[in-house]
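Have a look at the structure below before the remarks.
Whatever order the structure lists them in is the order used to number ligands and atoms, beginning at 1. Positions are given from 1 along the sequence.
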Amino acid sequence: MDAFVITHAVIFTVDSRNWVIPDGYLHVDKGRIMSLGSMEGLKLPDDLPRIDFNGDALLPGLIDCHSHSSLMRGVTENLALMEWLPLYQREFRAMTAEDAKCAAQLVYLEALKSGTTCIMDMYRFMDQCGDAALELGIRANLAPYVADMPGKDFFSTVAENEALIESHHDAGGGRIKVWMGLEHLFYCSSGAYHNAVARAREYGIGIHTHACEQSAEEQAVTEHFGKRSIAQLEEYGVLGESTLLAHCVWLNDDEIKLLADTGTAVAHCPVSNAKLASGIARTPEMLEAGLRVGLGSDGNVCNNSLDLFEEMKFGSLIQKANRLDPTSMPAQTLLRMATIEGARALNLDREIGSLEVGKRADMIRVGLNTPNLAPILLDASGGNLLWNLVFSARGSDVHSAWVDGELLMENRRVTRIDEQKWLQQAQAGAQKLYERASQLDAPASMTN
Ligand SMILES: [Zn+2]
């Protein structure tokens, strides 16, 4: 269905004015939004296929700016980051390309079914991840876990990253983007950073890496390099408008200013940061400084959910509780971070992130006829529905999802692939992987 019109939807455009249309229509043709507005202004031909939302909400598809495909969930619990990392690495040493495919299938399926239409994934064997995304139809940004320090050969190589650009960048009509990925300062040589900067420029692509996640990590970085993470990344020439840093929990004022001055973006992962006892990122200060800040789940292994509705709620509540300030991080801010700000962080905001004429039709329908979202008191700016969507909705309330105007999930059923088959493959793959991984010793700490 190339052209269709959605009718009788409560449309949250998340444009620059946060325009809400209480009873609206949205017209899609060839994957892009052609027009939208109030139902009274609808003047489209009657023979155009119509999807009557019957008062359900239409939002831009959610954007997960930092995730990791994985077959691990609920198996590395009650551990701090430094204790947890070696166990996580064991999965990498034991895994095969087939495991990567199963993991990406599982993760992208969970993401899409909870309303995420665009994901940034960092993993190994990412040609497999790219293929999984192409099969499901989700928009995916792939940043391999590149590590080139001795003993880290169980991650990805620079050569694999470069091959992935050739094989998958802009595949699926542009739905797949390949980035230069770098695991962490301890795992990558200066050459890997310099190469990433050169390749990013050459291909016009982004750079994605972890930074400044934990206090103990920051201390270890300072001891090893003689400077803090952000300063070291600056020295490597990595900071800039095409770079996205995950976490950034322990930024000081100068570092926030440096990221703002260089236009560097941040993927904020509040649930993962809380779960791994990393701390609470200074998100309000980052936003105040004008940083581009998107939301990230950090994947099933350290979250343990990919539901960005949870991430929005938690990202707001943790700041309110920590600052004893109920006005901190309101619903509108979180909805923007999960959509248009995420698109800005990924440099995709000209194409996606809001519902505006000319943009790609990446969008979700949230069913409102459910106890956890009632009652609804609508007004011209969304009334209580804005708060209900951010604080009361769940990923399972997402009824349908489109990418490029293509219906990828309808009434909770994914359209392109056999969901049960993918789940069975993930289950069987995980059991074999755990068995192989359990026979390996975990390295003792992050720095060795
Ligand atoms: Zn991560």
Taking all atoms of both residues into account, what is the closest heavy-atom pair of Met329 and Ser316, and its distance? O-OG, 2.7 Å

Ignoring waters, how many protein N/O/S atoms are under 2.8 Å from the Zn ion (ligand 1)? 4

Electrostatic pair [X]-[Y], nearest N-O below 4.0 angstrom:
{"X": "Glu255", "Y": "Arg228", "result": "yes"}
{"X": "Arg413", "Y": "Glu419", "result": "no"}
{"X": "Arg17", "Y": "Asp15", "result": "yes"}

Ring-plane angle category for His210 and His247, please: parallel below 30°, perpendicular beyond 60°, tilted otherwise. parallel

Check: His66 ring centre within less than 6.0 Å of His268 ring centre: no

